[in-house]
Amino acid sequence: MTLELAMMMMNEIPWWKKSVVYQIYPKSFYDANGDGIGDLQGIIQKLDYLVELGVDVLWLNPIYRSPQVDNGYDISNYHEIEPELGTMADFNELLAKAHEKGLKIILDLVVNHTSDQHPWFKQAKQAKNNAYHDYYIWKKPVKQQAPNNWGSSFGGSAWTYEAEVAEYYLHLFAKEQPDLNWENEQVRREIYTLMRFWLDKGIDGFRMDVISLISKDPAYPDGPIIQNKQYGSYYAGAANGPRVHEYLQEMNREVLSHYEIMTVGETPHTTVEEATKYTDEHKHELNMVFHFDHMHLDYGENGKFSTKRFALSALKRVFTKWQVGMAQHNGWNSLYWSNHDQARPVTRFGTDQQEYRQAAAKMLGTILHMQQGTPYIFEGEELGMTNARFNSIDDYNDIETKSVYKDFTENKHLGSDYAMETIYLKSRDNARTPMPWSATKNAGFTTGKPWLLPNPNYPQINVEQALRDPDSVFYYYQQLIKLRHTLPIVTTGKYRLLHPQDERNYTFLRETAEQVLFVTGNFTAQAEQLELPTFLAGLENKLIISNFTAPQSTSKTVNLPAYGAAVYLFTKECDKSR
Ligand code: NOJ
């Protein structure tokens, strides 16, 4: 196939399959008004930085009015901007300027729950016969207790008693985040209306928060009690419920299908099989989902907050299962190492040892960006940012981190040192520290007092430094993004894993009828030598990208230094005659 033909075929592919998404946590990105909190004007000021990186789409974490119990995931008004972040005029300006610069914007859609300060909930809890009561999920006490043993994601029961109505309401997250009742058609209509409000402004899509949880098992069964847990597994019967696909198909029919947009669902507790139901293009639900399988590889007996390290063979198994599974079922992968809920990837999957940090960050970027799917970069990942270590729990802000600390020290008696050790590895605040723009005070993020301390290593790891150094992680990410835009095989090539059991390097191929992309990354601090598969040895090839000085082409072996990564593009025999 000629390059022109390949490019013509690429034109048929929807834009979101060829895009790279950059996730912005607005509170932490850039503070333009000096109040210590990032804001929309701050994002506007930094758009050129994102253009230089080369990304296509910006995903903003929630920017709606919110009491901020869970940093914006508790919404009290879906039609207004959170005053800490700016105004609707700021948002309109941001959207227009981003579009002018060729950047699309997708917003977070949080409709599994609202804030308890939302007018709907304030009404709902007043009386059983209030028109809004049925907007939420209420159950009578059973033997004067909560109706089942579900635990909330942030600790404690998922049910809170409301004396006024003598019923419990469900909240799979904090008690200030009551779950909406999707069984109520009126609720669904309200949601579709608010979605249209934003889409009619011209936004380019939605990231849908915990969308796999919107339909609950009507029997509300107890969940199995897991070791060390007071409550049953908190999503038991709540994930991928009986009507979830019906709801999403309805949402697609009513709203999504009327706009040229992208959708990505956050779908906890979703297997490949389940995910294909959400994303099969013939089913008309979502474009892609975020699964959590690789995020669970270092869970220990207390769940996420553990000191366990992942095993490379397990990571390969997970990625491979999703690469192959989604391709087989007309689905599409979203590719991510991190987001605002996760630790920094270089610490978690690579190393933050100074000597190797940059190589490890580039290697991880290579392994992810050369897979099939839409890659997501969380702010600061393009600098190779590491986890932060603050001495005191008081320096942390996140509701999950604080509740785990309390649980570990007060209920489980695991000791403060152990609790802090797991927080250093897993706290969501590792990702949420302010973006380090420079080595000046407060990392150049704010002239005020930052709402969360910057990572103490900001004098070394910051944007100004990265832009000065031609060998920085930033410029490597820029190249990775460019490869996706210029090499069709990165979008279309079929994935094949090599050496599944190897615990040191991750090597895979991307194949089309004419070409093979050979991608390899060393996950260790020791040099590695890799044999090329025999069918590639001797074929014409060229180096596409590497994080070390690699030969321009390879014949039999590839030598990788510590945390080295290299990608070679091979031309198959059949194409040589053309
Ligand atoms: C998932 C979001 O990513 C997380 O930050 C939030 O706490 C929960 N959903 C609840 O909305």
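Order of appearance sets the numbers: ligands from 1, and atoms from 1 within every ligand. Along the sequence shown, the residues carry numbers beginning at 1. Values in this document were obtained by computation on a predicted structure and should not be read as measured data.
Test Lys304, Arg432, Lys426 against Asp341 for salt bridge (Lys or Arg N to Asp or Glu O under 4.0 Å) and you get one pass: Arg432.
Under the 30°/60° scheme for interplanar angles, the aromatic rings of His118 and Trp120 are found to be tilted.
Every residue was checked against the ring pair (Phe, Tyr, Trp, His ring centres under 6.0 Å) condition with Phe206, not counting sequence neighbours, and none meets it. Considering only residues two or more places apart in sequence or on other chains, Ala174 meets the side-chain contact (heavy atoms from CB on, under 4.5 Å) condition with Val69, Phe154, Glu176, Gln177, Ile399. For Tyr192, there are no ring pair (Phe, Tyr, Trp, His ring centres under 6.0 Å) partners at least two apart in sequence or on another chain.
Remark: Asp200 CG is packed, more than 12 non-hydrogen atoms of other residues, nucleotides or ligands lying under 6.0 Å away.
Within 4.0 Å of ligand 1, contacts by protein heavy atoms are made from Asp70, Tyr73, His113, Phe154, Phe173, Arg207, Asp209, Val210, Glu266, His340, Asp341, Arg428, Arg432.
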